[in-house]
Amino acid sequence: MSANFLSELTGSFSKPAAENPTVAMVEAAYRHHGLNWRYINCEVAPEDLGAAVRGARAMGWVGFNCSIPHKVAVIEHLDGLGESARIIGAVNTVVRRGDRYEGENTDGRGFVESLAAVLDLPGKTVVLLGAGGAARAVAVELALAGVAHVTVVNRDPGRGQELAQLVNDKTPASADFVPWNGPFVLPGATDLLVNATSIGLYPDVDACPDIDLASLHAGLVVADAIPNPPRTALIRAAEARGCTVLDGLGMLVNQGRIAIHYWSGIEVDAQVMRDALIQALELDC
């Protein structure tokens, strides 16, 4: 019998999980490239994360993604970290290497790659909203890509100061922390504003980060890491003020493409993945 009915398994652990469209784009890539692989989207509560990782080991999963709220907590359940994940202190992609499960981080790399079409990063000044796992990845990769300065804006001073210190200690860029106590006014010299919070994520699609929209200006690049919906309230407001905008689809596609390469060694077609996302989310893009 030549047929193989045993698929290689990959997937995602997050909570909530229902609004995460990653499965649509990843399985489209698997089909396009003729891989007998599956991607299973799993809702996993924080207290069940260890059991979920043990289950993936038991079933021989090739790897999996971690999203909110597991990007930092998953580290204690792994056997090692790649270089970027070690610096960032967060994992979004777990890769099976032999009998080891090792954590990588493709969020920041995916984000930086998506920015390449709209902004030359060396020497630029960035305002980053948020200090969670995605924000850490974005800050570190932007710094490694050559930005000059990152201002971290966050409501939790401890996490915000920690991220600014990480950039100062581990990368060539400089960083500072600003408490987010009310509408944040962007400094006039800002080149790039990044929303790395969950504000605006489905189903709360009308939520907008608490910033002074009047401080957005033409020439500013505004990037939102949220993929669902891609045209967030922030993106719409920034576009109306003449900013160059970048939605979260590019980051999502690129981080997924990099993850699949970690798992399979194959360079998959990013356009196939983006088209699948647009169809799944019923977007007019």
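FYI, side chains are in, hydrogens and waters are out, and symmetry mates aren't considered; it's all heavy atoms of this structure.
Considering Thr93, Val53, Leu9, Val44 as possible partners of Phe64, the one that fulfils the side chain to side chain contact (heavy atoms under 4.5 Å, CB included) test is Val53.
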**Q.** Test log, rule side-chain contact (heavy atoms from CB on, under 4.5 Å), inputs Trp180 and Thr197
**A.** CA-CA 12 Å; Trp180 200 353; Thr197 75; 4.1 Å; yes

Q: Go through the steps for Ser7 and Asn36 under the test side-chain hydrogen bond (donor to acceptor under 3.5 Å, both in side chains), then give the verdict.
A: CA-CA 5 Å; Ser7 300; Asn36 181 23; 2.9 Å; yes

Q. Thr232 and Asn195: side-chain contact (heavy atoms from CB on, under 4.5 Å), yes or no, with the steps?
A. CA-CA 10 Å; Thr232 60; Asn195 176 34; 5.9 Å; no

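For the 3.5 Å distance criterion, the side chains of Asp269 and His33 fail to qualify, holding no donor opposite an acceptor. For the 3.5 Å distance criterion, the side chains of Gln271 and Asp275 qualify, holding a donor opposite an acceptor. Between the side chains of Asp176 and Thr151, a donor-acceptor pair is found at a separation under 3.5 Å. Side-chain contact check for His149 and Thr125: no donor-acceptor pair (N or O, by modelled atom type) lies under 3.5 Å. In summary, the side chains of Asn65 and Asn92 do not present any donor paired with an acceptor at a separation below 3.5 Å, with no hydrogens or angles considered.
Checked for salt-bridge contact, Glu141 and Arg109 miss the test: no charged N lies under 4.0 Å from a carboxylate O. Using a 4.0 Å cut-off between charged side-chain N and carboxylate O, Glu113 and Arg257 make a salt bridge. Here Glu8 does not pair with Arg38 in a salt bridge; the nearest charged N to carboxylate O distance is not below 4.0 Å. A salt bridge between Arg236 and Asp247 is absent, with no side-chain N of the basic residue lying under 4.0 Å from a carboxylate O of the acidic one. The pair Lys71-Asp107 meets the salt-bridge criterion, since a charged nitrogen lies less than 4.0 angstrom from a carboxylate oxygen.
Counting non-hydrogen atoms of neighbouring residues, nucleotides and ligands closer than 6.0 angstrom, the CD1 atom of Ile68 reaches no more than 12 such neighbours. Shown here is Tyr202, whose OH atom has no more than 12 heavy atoms of other residues, nucleotides or ligands within 6.0 Å.
Residues Thr22 and Ser12 have side chains not in contact (no heavy-atom distance under 4.5 Å, counting atoms from C-beta outward).
Aromatic rings from Trp263 and Tyr30 are positioned such that their centres are separated by 6.0 Å or more.
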